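Note sheet for the following structure.
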Amino acid sequence: MKPSVIAYKTLPADLHAKLEQHFTVTAFDSITDQNRPAFIKALGEAEGMVGSGITVDKNLLDNGPKLKAVSTISAGYDNFDVDTLTQRKIVLMHTPGALTETVADTIMALVLSTARRIVNVAERVKSGEWTGSVDENWFGSDVHHKTMGIVGMGRIGMALAQRAHFGFGMDIIYNTRSRNPDAEQRFNAVHHELDSLLAKSDFVCLILPLTDQTHHLMNAQRFALMKPSAFFINAGRGPVVDEKALIDALQQKKIAGAGLDVFEQEPINIGSPLLAMPNVVAIPHIGSATFEARYAMAESAVDNLIAALSGNIKENCVNPQVIK
Ligand SMILES: NC(=O)C1=CN([C@@H]2O[C@H](COP(=O)(O)OP(=O)(O)OC[C@H]3O[C@@H](n4cnc5c(N)ncnc54)[C@H](OP(=O)(O)O)[C@@H]3O)[C@@H](O)[C@H]2O)C=CC1
Ligand SMILES: O=CC(=O)O
């Protein structure tokens, strides 16, 4: 008999069919209050699950006594209780390689659109404000040959540095807990302590995981270190930033603008002061939202689940100690 698994997000038809070749699949488009009882019932028999967008904590896992593998269609895994998964010998798989380049494109788009005020001026054109040659009320700031500070020089940070350094002639400085010799060699990147990076950067780009260490890493004291001409970009996770401190920094003109793909609360409340600021570009967590990347992520997640349940894991495992 084939093992039972749950797909808790709609998969492309060919990938769903691939999953069914290996497993008996119970599928949900997404998990809602209405179908949660059916999901919990299916969890009682499931050896694996694949999907995204739910919190997988101890309470949920208590309903999955047979679980051996969970495969998330995402790179980040802050919505998973990894310690409990590991204690219960459940492997957690993720899809980092499938989206790296796409997310780096998104961050570069945020850099360009904040500095050159693309969203703001485009809205003004649409509202009929363009009536003659533009004066400095329409001007932005250069991106090329400025200094980009990358906080989190991992896979995505590296792909961003590639674009910024070779495409835009930017100087790259970076902060991580351990040095990244590859970044230093390829992009002449210079490692800085966080506070020094903040003081030197024209663009501060955060692409960090959310952990106990990174929660509210950017707070009022840290925003105060940035140059008033500098732009702040966050595409990692919302709670890495104390959003109230960011709003204060913008309102007090301690920084020039912000480009944000992620927020403390998602979707962001429509009443947030961030949405009323012309120097803020807010996008709805679309870092990886292209047809190509989302397909590649789903494909990677399906392959990850098949590998995990057949004892054939080669990559993409968050807690490899479970299989040692
Ligand atoms: N907006 C979106 O759609 C997407 C967002 N993401 C987010 O981006 C994050 C990063 O992805 P990816 O680049 O693939 O991950 P990686 O694991 O490759 O990189 C993470 C980087 O963060 C650094 N880091 C971790 N903790 C700290 C810390 N306390 N201080 C400084 N640096 C730290 C790591 O270096 P070191 O360990 O040496 O400190 C590493 O360089 C994901 O975890 C996810 O949250 C990912 C995909 C899409
Ligand atoms: O935020 C998206 C992810 O893949 O992580």
Side-chain angles (χ1 to χ4, degrees), residues 30 32-33 52-55 74-76 78-79 102-103 105-127 129 137-138 140-141 149-152 156 160 194 198 201-290:
S30 63
T32 61
D33 288 348
S52 69
I54 62 170
T55 299
S74 63
D78 46 281
N79 52 326
T102 301
V103 181
D105 287 350
T106 307
I107 301 174
M108 210 59 223
L110 283 173
V111 167
L112 289 163
S113 56
T114 49
R116 298 299 305 273
R117 302 172 55 189
I118 297 296
V119 177
N120 174 240
V121 297
E123 279 169 354
R124 290 168 62 193
V125 170
K126 285 186 181 170
S127 70
E129 270 189 65
N137 288 318
W138 298 74
S141 305
I150 301 179
V151 187
I156 299 169
L160 175 63
L194 181 56
L198 294 172
S201 300
D202 299 307
F203 296 88
V204 171
C205 299
L206 256 66
I207 185 66
L208 285 169
L210 175 61
T211 64
D212 290 345
Q213 270 186 356
T214 63
H215 182 263
H216 281 197
L217 188 79
M218 283 304 295
N219 54 25
Q221 290 77 17
R222 293 216 158 102
F223 282 116
L225 295 171
M226 287 177 63
K227 301 187 212 177
S229 57
F231 294 89
F232 176 75
I233 310 293
N234 185 18
R237 283 291 182 268
V240 173
V241 177
D242 176 346
E243 212 160 271
K244 186 177 174 316
L246 170 62
I247 292 166
D248 288 347
L250 287 159
Q251 285 174 337
Q252 293 163 22
K253 302 199 183 322
K254 289 189 173 150
I255 61 175
L260 308 168
D261 185 40
V262 290
F263 301 87
E264 284 207 274
Q265 180 194 315
E266 293 181 7
I268 187 172
N269 188 309
I270 187 69
S272 168
L274 288 171
L275 302 186
M277 295 183 192
N279 55 344
V280 171
V281 176
I283 57 174
H285 202 146
I286 54 157
S288 65
T290 65

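Only a predicted model underlies this, so the values are computations on that prediction, with no experimental measurement involved.
With a 4.5 Å cut-off on side-chain heavy atoms, Leu274 and Leu246 count as touching. Between Lys244 and Ile247 the shortest side-chain heavy-atom distance does not fall below 4.5 Å. Side-chain contact between Asp78 and Thr211 is absent, with no heavy-atom pair separated by less than 4.5 Å. In this structure the side chain of Asn120 never reaches within 4.5 angstrom of the side chain of Asn279, judged on heavy atoms.
Remark: the backbone N or O of Leu217 is paired with a side-chain donor or acceptor of Arg222 at under 3.5 angstrom.
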Show me the donor-acceptor pairs, under 3.5 Å and distance only, between side chains in residues 106-113 and residues at least two apart or in other chains.
unit_1	atom_1	unit_2	atom_2	d
Thr106	OG1	Thr102	O	3.1
Thr106	OG1	Gly287	O	2.8
Ser113	OG	Ala109	O	2.7
Ser113	OG	Leu110	O	3.4

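The aromatic rings of Phe232 and Phe223 lie perpendicular to each other, with more than 60° between the two planes, well past the 30° mark.
A distance of 6.0 Å separates OG of Ser74 from CG of Asn79, quoted to the nearest 0.5 Å. Between the CG atom in Asn269 and the CG atom in Leu275 there is a gap of 8.0 Å [rounded to 0.5 Å]. How far CE of Met277 is from OG of Ser272: 7.0 Å, rounded to the nearest 0.5 Å. For the atom pair CG of Leu208 and CD of Gln213, the computed distance is 10.0 Å after rounding to the nearest 0.5 Å. One finds the CG atom of Asn234 at 5.0 Å from the CG atom of Leu206 (value rounded to the nearest 0.5 Å). Taking CE of Met218 as the reference point, atom NE2 of His215 lies at 14.0 Å (rounded to 0.5 Å).
Closest of all the heavy-atom pairs between Gly149 and Ser201 is CA-OG, 3.3 Å.
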### Query
Does the side-chain contact (heavy atoms from CB on, under 4.5 Å) test come out yes or no for Phe231 and Val281, once each step is laid out?
CA-CA 11 Å; Phe231 294 89; Val281 176; over 6 Å; no
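No side-chain donor from either of His216 and Glu243 sits under 3.5 Å from a side-chain acceptor of the other.
Residues forming a side chain to side chain donor-acceptor pair (under 3.5 Å) with Arg116 (at least two apart in sequence, or on another chain): none.
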